[in-house]
2 protein chains.
Amino acid sequence: MPKTATRLRVVEVDRLKTACSTCSLQELCLPAGLNEAELKTVDQLIDRRRPVKRGEYLFRAGSSLNSLYAIRSGFMKSSVLHDDGREQVAGFHMMGDLMGMDAIGTSQHLCDAVALEDSEACEIPLKDLEALSRNIPSLQQHFHRIMSREIARDYGVMLLLGSMRAEERLAAFLLNLSQRFEARGYSPLEFNLRMTREEIGSYLGLKLETVSRTLSGFQAQGLIAVQNKHLRILKIESLRELVSPQGCRN
Amino acid sequence: MPKTATRLRVVEVDRLKTACSTCSLQELCLPAGLNEAELKTVDQLIDRRRPVKRGEYLFRAGSSLNSLYAIRSGFMKSSVLHDDGREQVAGFHMMGDLMGMDAIGTSQHLCDAVALEDSEACEIPLKDLEALSRNIPSLQQHFHRIMSREIARDYGVMLLLGSMRAEERLAAFLLNLSQRFEARGYSPLEFNLRMTREEIGSYLGLKLETVSRTLSGFQAQGLIAVQNKHLRILKIESLRELVSPQGCRN
DNA sequence: ACGCTCGCTTGATCTGGGTCAAAAACCGGC
DNA sequence: GCCGGTTTTTGACCCAGATCAAGCGAGCGT
């Protein structure tokens with residue numbers, strides 16, 4: 001084998017092979033709570049890293065499920081397509097999030113996963129994950145926790161879509177983003193909206209004009225400063241009060 | 001020990017002890033797809049059957065999670081309470097459904113589970129389920145499938161809440177109920193609505209008046225016959241078309 | 001069988017957010 | 001640095017569904 005080929009191969013493996021044990025998202029991601037030895041085992045689980053350019057699909061609705069995907073970097077949305085073409089954004093996903101769990105039941109993806117900026121995802125073959133979690137109870141537990149959290153998140157979205165008004169929805173959305181950025185070590189008060197107003201609207205059950213107007217409204221009230229995709233939260237407490245008015249005990 | 005005491009004890013065990021291996025919901029419920037021997041093992045999992053009278057709680061939001069619950073008979077709703085008292089019904093659950101999965105992540109229930117009619121649930125200690133599913137791959141797989149299906153269902157609800165109009169929501173709701181009754185061996189075209197118009201409304205993000213009006217509308221168009229809680233579907237195809245208009249390919 | 005409460009229906013009116021439209025700002029490509 | 005398409009903002013108007021209101025019916029407890 002010529003030297004250059006070997007060289008390339010090494011580089012390739014280096015690029016594609018991913019190790020949880022050296023990943024900064026350890027604490028946030030699937031292997032959270034594992035010990036050294038377990039982590040080493042989980043390393044063997046991660047097949048390869050998959051880059052997804054902005055606008056590209058990580059997977060598509062209807063395609064068959066083989067792997068779950070842990071987002072390593074970037075930003076994605078998942079969306080369900082109605083027969084008549086209407087799109088419902090089901091969630092926004094960032095590093096450390098696990099995607100594809102909706103497909104385990106039917107072995108077919110239910111939603112599209114699209115990168116909103118250049119991203120990278122770790123491919124986790126489901127069969128291997130299941131096999132491994134039989135031997136590592138804490139992995140099993142954590143996997144269950146992650147699925148459960150997704151269900152809990154969904155309930156929150158239902159609450160939002162089913163019984164909140166436009167202002168409340170937007171405020172809840174911004175607070176949620178803020179909190180997730182914070183959990184990942186970024187500023188909770190200043191960040192970029194990676195998605196368009198239309199995508200925000202779809203997620204929140206609003207039209208893009210309403211999203212735009214409501215953001216402008218928040219800005220006029222001095223709650224936030226938006227310029228395009230860049231957002232700064234000025235009065236986070238006021239936003240919180242919008243979502244849960246006053247000191248109302250339930 | 002006096003004879004009567006023994007007698008009582010036997011009766012009690014008989015009432016509380018539940019066996020999957022003799023349960024008619026086997027195929028629908030957690031143990032679906034297990035063989036004889038595995039089924040016998042799972043029998044040991046089911047701690048006890050718990051009766052829940054109409055209006056009573058199976059569990060409440062905030063209480064700590066110990067067990068999942070498989071509904072054996074009856075009908076329940078799960079609902080999330082907003083701080084200010086607004087209630088969002090997150091789902092309706094019938095026999096064979098598994099409840100409580102939203103709580104695994106935090107070990108705290110996120111929603112209330114209330115019986116809409118006298119019901120019975122099988123208590124499944126989570127720790128035991130996890131332990132057992134480490135030894136029985138098909139149980140593990142099926143458990144994952146069930147959680148995944150819940151996520152998929154939630155995505156469907158988001159689609160409904162986020163991008164459908166009142167008529168479409170109601171039609172989708174009726175079709176969903178119809179299908180679930182059919183899967184359980186009941187008539188898909190004639191059944192009782194166990195929940196109030198207000199609960200339907202909460203689930204669908206509509207007010208009870210709108211639910212009532214829309215049902216009346218369907219009746220006027222000859223799609224259904226409603227009287228109170230009793231419902232008969234007359235033109236199921238027309239209902240389907242309401243949800244997915246014409247032959248629109250996506 | 002009675003009364004009473006709670007759930008349901010239906011009508012009238014109101015409004016939050018949708019729709020339509022147009023201009024402005026932004027971005028990527030050349 | 002200019003150009004063309006996309007995204008965003010803002011305005012004017014409209015409508016689906018909310019709200020308010022009033023009567024009706026069914027089921028339940030006594």
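Side chains included, hydrogens not; waters and symmetry mates left out as well; all remaining heavy atoms used. In what follows, chains carry the letters A, B, and so on, assigned in the order in which the sequence lines appear, proteins first and then strands, with residues in each chain numbered from 1.
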Novice: Does B/T196 have a side-chain nitrogen or oxygen under 4.0 Å from the phosphate oxygens OP1 or OP2 of C/dG7?
Specialist: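 Answer is no, no contact under 4.0 Å.
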Novice: Side-chain N or O of A/Q227 versus OP1/OP2 of C/dC26: is the shortest distance under 4.0 Å?
Specialist: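 It does, given that an N or O in the side chain of A/Q227 lies less than 4.0 Å from OP1 or OP2 of C/dC26.
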Novice: Given D/dT8, is OP1 or OP2 found less than 4.0 Å from the side-chain N or O atoms of A/K229?
Specialist: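 Affirmative; the distance criterion is met.
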Novice: Do B/L98 and B/I124 make a side-chain contact, defined as non-hydrogen atoms from C-beta onward lying under 4.5 Å apart?
Specialist: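 Sidechains of B/I124 and B/L98: in contact.
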Novice: Any idea how B/F181 and B/F75 line up, ring-wise: parallel (<30°), tilted (30 to 60°), or perpendicular (>60°)?
Specialist: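 Ring orientation, 0 to 90° scale: parallel.
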Novice: Within the structure, does a side-chain N or O atom of A/R197 lie under 4.0 Å from either OP1 or OP2 of D/dT7?
Specialist: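 False: A/R197 side-chain N/O out of range (4.0 Å or more) of D/dT7 OP1/OP2.
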Novice: Judged by each residue's nearest nucleotide on DNA chain C, which is more toward the 5′ side, A/V211 or A/N228?
Specialist: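 In this pair, the answer is A/V211.
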Novice: From C-beta outward on B/E209, which listed nucleotide comes closest to its side chain: D/dG17, D/dT9, D/dC20?
Specialist: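 For the B/E209 side chain, the nearest candidate turns out to be D/dC20.
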Novice: Does D/dG17 have OP1 or OP2 under 4.0 Å away from a side-chain N or O of B/T210?
Specialist: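 Checking D/dG17 against B/T210, no side-chain N or O comes under 4.0 Å of OP1 or OP2.
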Novice: Could you check A/R48, A/R50, A/R49 and say which one makes a side chain to side chain donor-acceptor pair (under 3.5 Å) with A/E123?
Specialist: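 With A/E123 as partner, side chain to side chain donor-acceptor pair (under 3.5 Å) holds for just one option, A/R48.
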Novice: What's A/G201 touching, base or sugar-phosphate or nothing? Going by heavy atoms closer than 4.0 Å.
Specialist: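 Contact class for A/G201: none.
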Novice: Which part of the nucleic acid, if any, lies within contact of A/E167, taking any heavy atom under 4.0 Å across all strands shown: a base, the sugar-phosphate backbone alone, or nothing?
Specialist: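 Answer is nothing: A/E167 stays at 4.0 Å or more from every strand.
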Novice: Once you measure the plane-to-plane angle for A/H109 and A/F59, does it fall in the parallel (<30°), tilted (30-60°) or perpendicular (>60°) bin?
Specialist: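 Parallel.
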Novice: Are A/D83 and B/R240 close enough for a salt bridge, meaning some N to O gap below 4.0 Å?
Specialist: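 Not counted as a salt bridge, because no side-chain N and carboxylate O are separated by less than 4.0 Å.
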Novice: Using a 4.0 Å heavy-atom cut-off across all strands, classify B/L215 as base, sugar-phosphate, or nothing.
Specialist: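 The answer is nothing, as B/L215 stays clear of every strand by at least 4.0 Å.
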Novice: Can you tell me how far C1' of C/dG17 sits from CG of A/L170, to the nearest Å?
Specialist: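 Result: 13 Å.
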Novice: Have a look at B/R165 and say if it touches a base, only the backbone sugar-phosphate, or nothing, with a 4.0 Å heavy-atom cut-off.
Specialist: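 Answer is sugar-phosphate: B/R165 comes under 4.0 Å of backbone atoms only.
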Novice: Classify the nucleic acid contact of A/G217 as base, sugar-phosphate or nothing, counting any heavy atom under 4.0 Å across all strands shown.
Specialist: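 No contact.
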Novice: Please work out if A/S216 contacts a base, only the sugar-phosphate, or nothing of the nucleic acid, heavy-atom cut-off 4.0 Å.
Specialist: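 Touches sugar-phosphate only.
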